[in-house]
Amino acid sequence: MPQHNVLTSRIRDLGGWLSRAWPVESMERTGFPGRWLGGAAMLLGPLALLTGVLSRARYHFFFPDQLRGYVETPGLMTAASSCFIAGYVLLWPAVALIVRRVSTVSPGWALWGGMLVYLGIAARAFHAGVDHLAFQLAAIHGADSATATLTRAYPAFHVFHVATAALFFGWIVLAIGAWRARVIGPVSAVALALTSALPIGVLKGTTPSSVVAAVGLCVALLPLGVRTLRDGPRPRPATVARWFGLLAVVLVVGYLLGEAG
C-alpha cells in the first residue's frame with residue numbers, strides 16, 4: 001500500500017506539472033475538440049486543401065495526366081497531393097465542433113451530416129493511399145506502364161465505393177444543419193455545400209469545380225474559425241510557444257517512426 005500511494009502521488013504530481021506547462025481549456029461549453037483545435041482546423045484545413053487544388057491545376061484532372069505530371073514534376077505533385085489530403089483530414093476537428101453546435105438545435109441534421117462527412121474523410125484518405133502507390137509505380141516503371149496498370153485495376157472493388165454518396169451529400173447535409181442551427185449564415189451554408197463539388201475517386205486532379213469547392217470551403221470556415229478562436233480568453237505567449245514546441249516534437253517523432261516502419 002505505501003508503494004501504491006507513492007506511485008499515485010508521483011503520477012498526480014506529474015499530471016499537475018503537465019497541466020501547468022501545457023494547459024488545456026475546459027471543453028464544457030464547446031465540447032470536443034475544444035475551441036483551439038476546432039478553430040485552428042477551420043483555418044488550416046481549407047487553406048491546405050485549396051493550396052493542394054491550385055498546385056496541381058496545371059495538369060488535366062484524369063489519371064493518365066496525373067501520372068505523367070508526377071513523372072515530370074514529382075516534387076510539385078507530392079506537395080499538392082500532401083496538402084490536399086492533409087487539409088481534408090485536418091477538417092475532422094472543425095466538423096466535430098460544427099456538429100456539436102448543430103446538435104443543440106437540430107440533432108438529426110448533426111448526426112447525418114457528421115456521419116456522412118466523416119465517412120467521406122475516410123474515403124478521401126483511402127484514395128490518397130492509392131494515389132501514393134500509383135505515383136510510385138509511375139516513378140519506377142514510367143507513366144505509360146503505370147497508366148496501363150491503373151486502367152486495368154481502376155474498376156476493382158473496394159469497400160469505400162459505398163462512400164460515394166457520402167462524399168457528395170455529406171457537406172450538403174452538414175451545411176443545411178449548420179444553417180438551420182444558425183451556426184453559419186445562408187451564404188456560408190451555400191459555400192460549405194459547394195465542397196461536394198470536389199471530384200470523387202482515385203487520382204482525380206483539379207477541375208474548375210474543384211477550385212469552386214475549395215474556395216467555398218474557405219468562405220464558409222475561415223470566418224467561423226476566426227470567430228471561434230476569438231470567443232474566449234487568449235493564452236499567454238509562453239503557453240503558445242510551449243504548445244508549438246510540443247507539436248513540433250510530436251510531428252518529428254511521428255515522421256521518424258513512420259520512416260522506420
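Since we're looking at a predicted model, the values are computed, not measured. In this chain, residues are counted from 1 in sequence order.
- For the pair Arg68 and Tyr59, the cation does not sit on the ring face, since its NZ or CZ is not both under 6.0 Å from the ring centre and inside 45° of the axis.
- For Thr164 (side chain) and His161 (main-chain N/O), a donor-acceptor pair under 3.5 Å exists by modelled atom type.
- Residues Tyr118 and Val89 share a single hydrophobic cluster, defined by chaining ILVMFWY side chains whose heavy atoms lie under 4.5 Å apart.
- Rounding to the nearest 0.5 Å gives a distance of 10.5 Å between OG of Ser82 and CG of Asp131.
- Hydrophobic clustering places Leu137 together with Met77 (ILVMFWY residues linked when any side-chain heavy atoms are closer than 4.5 Å, directly or through intermediates).
- Open room surrounds CZ on Phe169; 12 or fewer heavy atoms of other groups in view lie less than 6.0 Å from it.
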### Task
Evaluate the criterion side chain to side chain contact (heavy atoms under 4.5 Å, CB included) for residue pair Val183 and Leu224; output intermediate values, then yes/no.
CA-CA 8 Å; Val183 175; Leu224 182 60; 4.2 Å; yes

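- A donor-acceptor distance shorter than 3.5 angstrom exists from the side chain of Ser196 to the backbone of Ala193, with no hydrogens or angles considered.
- In this structure, Leu217 CG and Leu198 CG are separated by 8.0 Å, a value rounded to the nearest 0.5 Å.
- In this structure, the separation between CZ on Phe62 and CG on Asp65 is 9.0 Å, given to the nearest 0.5 Å.
- Side chain of Thr104 to main chain of Arg100: no donor-acceptor pair is present (N/O by atom type, distance under 3.5 Å, no hydrogens or angles).
- In plain terms, the two heavy atoms of Leu90 and Ala41 that are nearest each other are O-CB, 3.2 Å.
- Looking at heavy atoms from C-beta onward, Phe84 lies in side-chain contact with Arg56 at the 4.5 angstrom threshold.
- Atom CG of Leu192 and atom SG of Cys218 lie 11.5 Å apart (nearest 0.5 Å).
- When hydrophobic clusters are built by joining Ile, Leu, Val, Met, Phe, Trp and Tyr residues whose side-chain heavy atoms come closer than 4.5 Å, directly or via intermediates, Leu50 is grouped together with Val95.
- Side chain of Ser188 to backbone of Ile184: no donor-acceptor contact under 3.5 angstrom is found.
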### Task
Could you give me the CA-CA distance, side-chain angles and deciding distance for Leu221 and Leu91, then say whether side chain to side chain contact (heavy atoms under 4.5 Å, CB included) is met?
CA-CA 10 Å; Leu221 294 191; Leu91 291 174; 3.9 Å; yes

### Query
Can His60 and Gln66 be said to form a side chain to side chain contact (heavy atoms under 4.5 Å, CB included), step by step?
CA-CA 7 Å; His60 189 262; Gln66 294 296 299; 5.9 Å; no

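- Cluster annotation: Leu194 is not connected to Val173 through the hydrophobic network of ILVMFWY side chains, with a link wherever side-chain heavy atoms come within less than 4.5 Å.
- Nearest heavy-atom pair, Leu37 versus Pro93, reported as atom, atom and distance to 0.1 Å: CG-CB, 3.8 Å.
- Using a 30° and 60° split on the angle between ring planes, Tyr88 and Trp171 fall in the perpendicular class, above 60°.
- Of all heavy-atom pairs between Ala175 and Ala189, the closest is CB-O, 3.3 Å.
- Between Trp92 and Phe32, the two ring planes are parallel [angle under 30°; tilted spans 30° to 60°].
- Of all heavy-atom pairs between Met42 and Ala94, the closest is CG-CB, 3.5 Å.
- Taking a 6.0 Å sphere around CH2 of Trp36, one finds it holds more than 12 heavy atoms contributed by other residues, nucleotides or ligands.
- Using a 4.5 Å heavy-atom cutoff, the side chains of His127 and Leu167 are in contact.
- The backbone N or O of Leu76 lies less than 3.5 Å from no partner atom in the side chain of Thr73, so there is not a single donor-acceptor pair.
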### Message
Could you go through Leu116 and Leu174, starting from their C-alpha distance and side-chain angles, then the distance that decides it, and tell me whether this counts as side chain to side chain contact (heavy atoms under 4.5 Å, CB included)?
### Response
CA-CA 8 Å; Leu116 291 172; Leu174 185 64; over 6 Å; no

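- Counting only distance, with no hydrogens or angles, the side chain of Tyr70 and the backbone of His132 share no donor-acceptor pair below 3.5 Å.
- The main-chain N or O of Thr207 is found under 3.5 Å from a side-chain atom of Ser210 such that the two form a donor-acceptor pair.
- In this structure, the separation between CG on Leu247 and CZ on Arg242 is 13.0 Å, given to the nearest 0.5 Å.
- With rounding to the nearest 0.5 Å, the separation of CG in Leu222 from CG in Leu47 is 5.0 Å.
- Judged purely by atom type and a 3.5 angstrom limit, Arg35 uses its side chain to pair as donor or acceptor with the backbone of Leu229.
- Taking all atoms of both residues into account, the shortest heavy-atom contact from Leu119 to Ala166 is CD2-CB, 3.8 Å.
- Listed here is the closest heavy atom pair of Val105 and Ala181: CB-CB, 3.8 Å.
- Formation of a donor-acceptor pair under 3.5 Å by the Thr206 side chain with backbone atoms of Val53 is found in this model.
- By the rule that hydrophobic residues join a cluster once side-chain heavy atoms approach within less than 4.5 Å of another member, Tyr154 and Leu67 end up as members of one cluster.
- With hydrogens and angles ignored, the 3.5 Å screen pairs no side-chain donor or acceptor of Ser145 with any backbone N or O of Gly142.
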